[in-house]
Amino acid sequence: MTKGTVKGIISNMVQVEVDGPVFQNEICYIDLDGTKLMAEVIKVTGNTAYTQVFESTRGLRVGDTVEFTQRMLEVKLGPGMLSKNYDGLQDDLNKMRGLYLERGDYTDPLDEDSVWEFDPIVKAGDEVLPGDWLGAVQENWINHKIMVPFNLEGKFRVKNVAAKGSYKITDTIVTVTDAEGNDLELNMIQYWPVKLPIRAYQSKPRPFKVMETGIRTIDTLNPIAEGGTGFTPGPFGTGKTVLQHNISQNAEADLIIVAACGERANEVVELFTEFPELDDPRTGRKLMERTIIICNTSNMPVAAREASVYTAMSIAEYYRSMGLKVLLLADSTSRWAQALREMSNRMEELPGPDAYPMDLPAIISNFYSRAGYVYLNNGTPGSITFIGAVSPAGGNLKEPVTESTKKSARCFYSLSQDRADSKRYPAVDPIDSYSKYLEYDEVRQYLDDNIAPGWVDNVMKAKDILLRGKEAKDQINILGDDGVPLDYHTRFWRSELLDRIILVQDGFDPVDKSTPIQRQAYMLKMILNICETEFSFDNFEELQPYFTRLINTLVQMNYQPFENEEFNNYKTQLENIIEERRVN
Amino acid sequence: MATMAFQKIYTKLTQITKATCAVKATGVGYEELATVGGRLAQVVKIMDDTVTLQIFSGTEGIGTDAEVIFFGRPPSLKVSEQLAGRFFNAYGDPIDGGPQIEGKEVEIGGPSVNPVRREDPSELIATGIAGIDLNNTLVTGQKIPFFADPDQPYNQVMATVALRAKADKIILGGMGLSNDDYLYYKNTFENAGVIDKIISFVNTTDDPPVERLLVPDMALTAAEYFAIQKNEAVLVLLTDLTLYCDALSIVSNRMDEIPSKDSMPGSLYSDLAKIYEKAVQFPEGGSITIIAVTTISGGDITHAIPDNTGYITEGQLYLRRDTDIGKVVIDPARSLSRLKTKVMGKRTRADHPHVMSASVRLNADASNAKTKMENGFDLSDYDQRAMDFARDYAEQILAIDVNIDTEQMLDTTWALFHKYFTPEEVAIRDEFMQLYWKEA
Ligand SMILES: Nc1ncnc2c1ncn2[C@@H]1O[C@H](COP(=O)(O)OP(=O)(O)OP(=O)(O)O)[C@@H](O)[C@H]1O
Ligand SMILES: [Mg+2]
């Protein structure tokens, strides 16, 4: 294998003089007094390989030796990944030795000694393709398929299948024969280079179903499709992380992969602490059982941060190939872009806007395109829904990462500073945000069929009320309370009602933090009814106290379990308040 | 810093810039320390046999024949109990006339704590300041800056917070601290009789700016010693990180790096995160809490320094001169402690989060009313009451010289709610209204 020696060091970029062939993205290990530092080739000129080191390079010297591996950065895939806490390179954090993340402490992502109950799906004589299901094991409550490795090519015939029973992941469970007649022994482990998409599926249709997140401002106003993409740009402190955590707890997915990319360690610790305790609302099992956390926090090496989103996506693709509904959340993709920028600057590449690499838009769009709804070779559907947080510099949405992402993601959930300042969480701006899926005929049909007839029309009505309310508010601000017709106040208060009851959602309240879609439909209908009711007011000063009463009562309903006694009491109260001033 | 045996000495500099120099040398480790003409320097780039060094005190007067001596190790600090009560410069050398520290030599800027070995922060820090305890409770293991105008009394407020927070150790990292402010801290701590809890690493305005780059790592290395080895609650005060960032940009500029926004290095986010992320709670009880100062110019928080800081820290605190009462307060409207939800209503009385959000909302109404008044619109009765409430609230609760416990803050707030508003306007959940809405 190719060897090399260190020639130059600038921060985590190390130039290596090589004595043989190397390839782009090849992984090598630099020997620092016996500690192996993992690095990736990111550019080659002549016999110099430019590598980005996934560790601190402190103490590294010119002349230190390097070994190349002839492999790209890979994930190790197999049963046992659920509930794990990985770093950006898929090291199992719980297996690391010390208090600190010591250099060169690379750990096994899987537990090679663990034993699984294997149930075969194929039988001798069957023909199989890469990605086809050979058998299954039960991983928590997921039926984990053991698949023909994706990195094989061509067709294979099954020669031997292990009988139903207990096996280690390293045990051979199936032997297949390739077209040339060579036998291949397969166990439950396979490897995949993270920068490449797994394409073992038949087709990738346009998403047509909706994925429930439990967040009203998303599900009701701008729903995200199953297999769809969305992003949440917002200045610091506007609620990107809380929103992602809430989605991760309640979304209607089989499996959640959370990529904490270059953000705070305490936020990840919160997941470590809460997820093993919290119940999954749909299965009653613990949330941690359906979650994988990939965490490369801001103080961990920058190059591994860049890798972390790819690691997460590859694991998502692996589970999608089992016919599962995967939700991938990344917080924040801006940190990944910044990692790219740091490296591009060190390589003295020609910078694009704001010193980001020129090909940033292409990199982002390639990544987003790995999400999607697919039909596997056997016709089963599987999906990856991806939502990325974006942290725009200075809160300015015209910066390169936001702009590039806007071209790739189909849902745009813009978090507004104003809303966050007035504690209207989740601070998703109802007017600027959009879901392109609402324009898809098949999605509209799906919504009308599955939520309520005429649902999409109601959603449009709600959006209209919000827009007209905002216009009225602007006029009131310019002309003064008594400088506008009474009707402007009514319009404003209608939108305020809708905003405070449907859009505002208390992310920390056990009931309010997640709303099932049927309850969302119920509440929307109720609010629209009130908005269509005509009330009598003599002057604008009567509106605020009246609508405040309506709002307070409705807020109390939001805090109660759906249709329990208290809920119904508040509803009766509400009806009484409405009667006080109703004219039609 | 003492040098060591088996040193290699070089005397041929090939390049000198304002902050760096290059020398032909071999066998040198990345980030290794050296002296150039007697001045401390650190390796920032190695290319073949050319080693680039950043000279902390600047290159003025450095000759091409200056003697370069490599230490064979990165910057380090000797840690032990002896650190307590002592004052050091940016290199960790005593500046208080006392003896050198004996202890274990530890590299500064070491690796990060494995996130799975951390604990979710949940211990509240009481300061007696309502702008913090009532509205933006701080938690051990948190990192939070003051975003302050250069003319605001942030050092005084920070010293007050530090003294009232019951920390086992307070570590001051001063960067570009004026000599007056340095003496202010020293005197305040001395007068309070807590000097044996204090450790200072100070770079003053008299010292070269690039030296500042060592201060946070020195302070945090000392903090890790006490938090990990002694399980102590350590409070680290870093002031002023804007001046730290300025030093970063000087160095990256001299290295011909491509600047990103506001002439700051592209790595600013990672550089600051490495500092702030040392804030940690350990399961064994030790913790590091970081309270920092980031001065901002003209209130512009979209500038790269406050902007990147905001993306890293767990909230931010703002000071405001309250014109109604003529005192400085921690602005409840703009400040935010993100970890407050971990303790509010859990470690404090259950009505706390509700009282907090109601008072924030009512204060916001008051400031809207004020704007209305300033724009010449008529005030409604509600507007007037909101403004009266806000004034009393500032006077009796927010003012920084008020020092009461959270329970008293809550009771006083309820009393003011009752004095100025109806139950519907306060709009707190019924269960708490029944308990605390009392005829005064
Ligand atoms: N849904 C919510 N309900 C109540 N409070 C919220 C909600 N969302 C956000 N907050 C408040 O806002 C604070 C910041 O939220 P969050 O950490 O999600 O912001 P962020 O956008 O991720 O910021 P950053 O870019 O700095 O990571 C939270 O600590 C909390 O106080
Ligand atoms: Mg966040």
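Proteins get letters first, then strands, A, B, ... in listed order; numbering begins at 1 in each.
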Can you tell me if B/Gln384 has over 12 outside heavy atoms packed within less than 6.0 Å of its CD? yes
Could you have a look at A/Ser391, A/Pro545, A/Gly480 and say which one has the most heavy-atom pairs with chain B under 4.5 angstrom? A/Ser391
Step-by-step side-chain contact (heavy atoms from CB on, under 4.5 Å) determination, B/Phe377 to A/Asp481: CA-CA 9 Å; B/Phe377 290 120; A/Asp481 281 336; over 6 Å; no
Side chain, backbone, both or neither: which part of B/Leu272 has a non-hydrogen atom closer than 4.5 Å to chain A? neither
Heavy-atom contact with chain A under 4.5 Å, split by part of B/Tyr311: both
Check whether the side chains of B/Ser270 and A/Arg335 place a donor and an acceptor atom closer than 3.5 Å, and report yes or no. no
So how far is it from B/Lys45 NZ to A/Ser11 OG, rounded to the nearest 0.5 Å? 12.0 Å
Show the numbers, then the answer: is there a side-chain contact (heavy atoms from CB on, under 4.5 Å) between A/Tyr100 and B/Glu224? CA-CA 11 Å; A/Tyr100 292 106; B/Glu224 285 191 328; 3.1 Å; yes
Residue, of A/Asn94, A/Ile551, A/Leu93, A/Ile9, that accumulates the most heavy atom pairs under 4.5 Å with chain B: A/Ile9
Is it true that a side-chain atom of B/Tyr269 and a backbone atom of A/Gln338 form a donor plus acceptor pair closer than 3.5 Å? no
Hey, could you give me the OG1/CD distance between A/Thr297 and B/Glu277, rounded to the nearest 0.5 Å? 5.5 Å
Which one, B/Val44, B/Ile46, B/Thr26, leads in non-hydrogen pairs under 4.5 Å with chain A? B/Ile46
What part of B/Thr341 lies closer than 4.5 angstrom to a heavy atom of chain A: side chain, backbone, both or neither? side chain
Which atoms of B/Val28 approach chain A - backbone, side chain, both or neither, heavy atom under 4.5 Å: backbone
Show, in sequence, the C-alpha distance, side-chain angles and deciding distance for A/Lys7 and B/Met47, and conclude whether the side-chain contact (heavy atoms from CB on, under 4.5 Å) test is met. CA-CA 6 Å; A/Lys7 233 177 88 175; B/Met47 207 44 74; 5.9 Å; no
Whether A/Arg58 and B/Glu107 form a salt bridge (side-chain N of Lys/Arg under 4.0 Å from carboxylate O of Asp/Glu) is what I want to check. yes
Enumerate by number any residue of residues 356-365 of chain B whose heavy atoms lie under 4.5 Å from heavy atoms of chain A; in the absence of such residues, state 'none'. B/Val360
Where on B/Tyr276 is there a heavy atom nearer than 4.5 Å to chain A: the side chain, the backbone, both, or neither? neither
Assert top hit (heavy-atom pairs under 4.5 Å, partner chain A, pool B/Pro259, B/Ala304, B/Gly109) equals B/Gly109
Could you tell me which portion of B/Ile258 (side chain, backbone, both or neither) has an atom closer than 4.5 angstrom to a non-hydrogen atom of chain A? both
side-chain contact (heavy atoms from CB on, under 4.5 Å) evaluation trace for A/Asp354 with B/Lys261: CA-CA 7 Å; A/Asp354 287 4; B/Lys261 198 167 170 278; 5.6 Å; no
Say whether, by atom type as modelled, one donor and one acceptor occur between the side chain of B/Arg117 and the main chain of A/Gly98 under 3.5 angstrom. yes
Approximate separation, where rounding is to 0.5 Å, of B/Asp307 CG and A/Phe236 CZ: 6.0 Å
Measure distances from A/Gln417 to the heavy atoms of chain B and classify the residue's part below 4.5 Å as side chain, backbone, both or neither. neither
May I ask you to say whether B/Arg334 pairs ionically with A/Asp421, meaning some side-chain N is under 4.0 Å from a carboxylate O? no
Chain B heavy atoms under 4.5 Å from A/Thr273: which part of the residue, side chain, backbone, both or neither? side chain
Spacing of SG belonging to A/Cys295 relative to CG belonging to B/Asn114, to within rounding of 0.5 Å: 8.0 Å
Identify, with sequence neighbours excluded, every residue that meets side chain to side chain donor-acceptor pair (under 3.5 Å) alongside A/Glu399. A/Thr402
Can you tell me if B/Glu314 and A/Asn266 form a side-chain donor-acceptor pair at under 3.5 Å? yes
Any chance you could measure A/Asp509, atom CG, to B/Arg429, atom CZ, to the nearest 0.5 Å? 5.0 Å
Quick one: what part of B/Arg338 sits under 4.5 Å from any heavy atom of chain A, side chain, backbone, both or neither? side chain
If one checks every heavy atom of A/Ser332 against chain B at 4.5 Å, the contacting part turns out to be neither
Does any backbone or side-chain atom of B/Glu425 lie under 4.5 Å from a heavy atom of chain A? Answer side chain, backbone, both or neither. neither
Check whether B/Thr313 gets within reach of chain A through its side chain, its backbone, both or neither, counting any heavy atom under 4.5 Å. backbone
Please look at B/Gln42 and chain A and tell me whether the side chain, the backbone, both or neither of the residue comes under 4.5 angstrom of a heavy atom of that chain. neither
Say whether, by atom type as modelled, one donor and one acceptor occur between the side chain of B/Ser112 and the main chain of A/Asn299 under 3.5 angstrom. yes
Heavy-atom donor-acceptor pair, B/Glu32 side chain to A/Gly59 backbone, under 3.5 Å: no
Side chains of B/Asp48 and A/Val62: closer than 4.5 Å at any heavy-atom pair? no
If you tally heavy-atom pairs under 4.5 Å between each of A/Leu99, A/Val242, A/Asn552 and chain B, the highest tally belongs to A/Leu99
Tell me, side chain or backbone of B/Pro265 under 4.5 Å from chain A's heavy atoms, or both, or neither? neither
Rounded to the nearest 0.5 angstrom, the OH-CG distance for B/Tyr30 and A/Asn12 is 8.5 Å
So which part of B/Pro121 gets closer than 4.5 Å to some heavy atom of chain A, the side chain, the backbone, both or neither? side chain
Could you tell me whether the side chain of A/Arg264 and the main chain of B/Ile312 form a donor-acceptor pair under 3.5 Å? yes
Within 6.0 Å of CG in B/Asp378, more than 12 heavy atoms from elsewhere: no
Residue selection (most heavy-atom pairs with chain A, distance under 4.5 Å) from B/Ala333, B/Ser260, B/Pro306, B/Gly110: B/Ser260
The ring-ring contact (aromatic ring centres under 6.0 Å, His included) partners of A/Tyr50 (sequence neighbours excluded) come to none
Check whether B/Ile228 gets within reach of chain A through its side chain, its backbone, both or neither, counting any heavy atom under 4.5 Å. side chain
Who among A/Gly395, A/Ala355, A/Ala393 has the most heavy-atom pairs with chain B under 4.5 Å? A/Ala393
Is chain A contacted by the side chain of B/Pro353, its backbone, both, or neither, given a heavy-atom distance below 4.5 Å? neither
The side chain to side chain donor-acceptor pair (under 3.5 Å) partners of B/Asp217 (sequence neighbours excluded) come to none
I'd like to check A/Pro235 versus B/Thr302 (side-chain heavy atoms, cut-off strictly below 4.5 Å). Are they in contact? no
With the threshold set at 4.0 Å, does a side-chain nitrogen-carboxylate oxygen contact exist between B/Lys342 and A/Glu270? yes
